[in-house]
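Have a look at the structure below before the remarks.
FYI, side chains are in, hydrogens and waters are out, and symmetry mates aren't considered; it's all heavy atoms of this structure.
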Number of protein chains: 2
Amino acid sequence: MDSVAKKAQRYHHGDLRPELVRIGRKMIEAEARPSFRGLARAAGVSHSAPQHHFPTWSHVLAACAADGYRELSADLERVKANYGTHPSEALYKMGDAYLAFADRSPVIFRLMFNRSALDVRTDEFASEASAAYNHLVRSIRDTDPSMTDAHFDYLINSIWALIHGMSVLQIERQICVSTDDGQTAYQFLRRGLEALLES
Amino acid sequence: MDSVAKKAQRYHHGDLRPELVRIGRKMIEAEARPSFRGLARAAGVSHSAPQHHFPTWSHVLAACAADGYRELSADLERVKANYGTHPSEALYKMGDAYLAFADRSPVIFRLMFNRSALDVRTDEFASEASAAYNHLVRSIRDTDPSMTDAHFDYLINSIWALIHGMSVLQIERQICVSTDDGQTAYQFLRRGLEALLES
DNA sequence: GACCTATCTAGTCAATGACAAGATTGAGGG
DNA sequence: CCCTCAATCTTGTCATTGACTAGATAGGTC
């Protein structure tokens, strides 16, 4: 009997919260109607056991969204570590990592940017979201450390908007390519980022 | 007794479907947990009356999303009518109209770009979405009728991504302004569009 | 006027979210 | 080592929900 099933047989799971987040992320991604009780079933515990870790289903969604930001942060950090000495290239590759994350986890990605669905505000969510954002901030600062605050404001908002928007269009399957020269969302994104950095 | 209440007293409502979409849009925007039965109550009919117009709740969501596209199209068309002789200016103002629509109806806006939540595909939704998109297509074509298809592909995707992304950041309250010179999302958007059009 | 179809009402059932009460167990202190 | 307390679980309950069904009403057409 594997470890998970064995744990399910014990009264005290011992590590239920992180397990619920891990299973929750999968369910939210894969099922049309993920639910609190479905999550409990998938974790092998009684229907209200998760409520001792998450008061409501909205708290589960917030925890899963925070976990999404955690993963996105790790992706962005890894890219920066590889291209740290080429700030513009780092930014293009961070955009690509953002696109790839959205492709891998489209439902969580949408949830991460849906303050109406996340009707609970948790510190965990806020701090993870902020950490991810700060990777982008530092990367843009690195492209020109002497830029004015006003120009930085323009760049951070327009660059993030372009990266985020391209990710949304991609997961909504709205990227339009009429020629057959193999242009991709990443190539459009890169050219757009180059244009914004030059402006 | 007003017309709506009078209709509610009759057995045959007579115009229930459009009424359900109108009420549904309001509910989806205003309530944390809009539901099929809540919609029926708000319309003053029995709990399963709406099912004769919408087989499932997902069909209600799809109809409301299509209605959102209908309204967005009207906004974009109105802007084009006013700035038709200045294609670039028309594009900037269409971006502003897009931002304004997202501000007015953030929940519907998110729903319109959430293929996972819209697990039914209706012809109505597809045609209204396509009509809205085509306003953008024509507007970009108008800025330079001689542009190549490959350049057009780059422009339509990056411009739409920038406009959409800026709208998402705005309704998620993520537009960051560190200076107090009154810069707005529209100003960032406009500068970004200028940069993309010049690239 | 009869018939048919569209559109409604009323009912049913399984699943759900949230809440409550009690059971189990792990950790800490005496 | 034992006791206590809190954390974490199980079981149960209730109102509401989505989807489905059966029957009632009424508008349109022939």
When you look at CZ of Arg173(B), are more than 12 heavy atoms from neighbouring residues, nucleotides or ligands closer to it than 6.0 Å? no

Does CG belonging to Asp123(B) count more than 12 external heavy atoms closer than 6.0 Å? no

Gap between atoms NE2 and C1', on His13(A) and dT24(C) respectively (whole Å): 16 Å

Whole-Å distance, Phe36(A) CZ to dT16(C) P, equals 13 Å

What does Arg17(B) touch in the nucleic acid at a heavy-atom separation under 4.0 angstrom: a base, only the sugar-phosphate, or nothing? nothing

Collect all protein-nucleotide pairs involving nucleotides 4-6 of chain D in which both atoms are nitrogen or oxygen and the distance is under 3.5 Å.
none

For Phe36(A) and His59(A), I'd like to know if the aromatic rings sit close, meaning centre-to-centre distance below 6.0 Å. no

Would you say the side chains of Asp149(B) and Thr179(A) form a donor-acceptor pair under 3.5 Å? no

Taking CD from Glu31(A) and P from dA15(C), how many angstroms apart are they, rounded to a whole number? 14 Å

Ring centers of Tyr69(B), Phe113(B) separated by less than 6.0 Å: yes

Under a plain distance cut-off of 3.5 Å, with no hydrogens placed, do Arg191(A) and Ser158(B) share a side-chain donor-acceptor pair? no

Find the distance His12(A):NE2 to dG26(C):P and express it as a whole number of Å. 7 Å

Measure CG/Asp15(B) against P/dC8(C) and give the value in whole Å, please. 10 Å

Measure centre to centre between the rings of Tyr83(B) and His86(B), then say whether the value is under 6.0 Å. no

Using a strict heavy-atom distance below 4.0 Å, which residues from residues 53-61 of chain B are in contact with DNA chain D? Thr56(B), Trp57(B)

Side chains of Glu198(A) and Glu198(B) in contact at under 4.5 Å (non-hydrogen atoms): no

Show the distances under 3.5 angstrom between N or O atoms of the protein and N or O atoms of nucleotides 11-14 of chain C.
residue: dG11(C); atom: N7; partner: His47(B); partner atom: NE2; Å: 3.2
residue: dG11(C); atom: O6; partner: His47(B); partner atom: NE2; Å: 2.9
residue: dT12(C); atom: O4; partner: Arg37(B); partner atom: NH2; Å: 3.3

Protein-nucleotide distance (Arg33(B), atom CZ; dT17(D), atom C1'), rounded to Å: 11 Å

Return yes if a side-chain donor-acceptor contact under 3.5 Å exists between Thr148(A) and His151(A), otherwise no. no

Kindly indicate whether the side chain of His52(B) and the base of dC8(C) share any N or O donor-acceptor pair separated by less than 3.5 Å? yes

Pro106(B) side chain reached by Glu29(B) side chain, heavy atoms, under 4.5 Å: yes

Would you mind reading off the distance between Leu20(A) atom CG and dT8(D) atom P, rounded to a whole angstrom? 12 Å

Ala49(A) side chain, from C-beta outward: closest of dT8(D), dT9(C), dT10(D): dT10(D)

When rounded to whole Å, the CD to C1' distance for the pair Glu19(A) and dT8(D) reads 15 Å

Below the 4.0 Å mark, does dT16(C) have OP1 or OP2 next to a side-chain nitrogen or oxygen of Ser35(A)? yes

Looking only at side-chain N and O atoms, does Asp153(B) offer a donor or acceptor that is under 3.5 Å from a partner on Ser178(A)? yes

Only one of Asp15(B), Val21(B), Leu16(B) clears side-chain contact (heavy atoms from CB on, under 4.5 Å) with Pro18(B); which? Asp15(B)

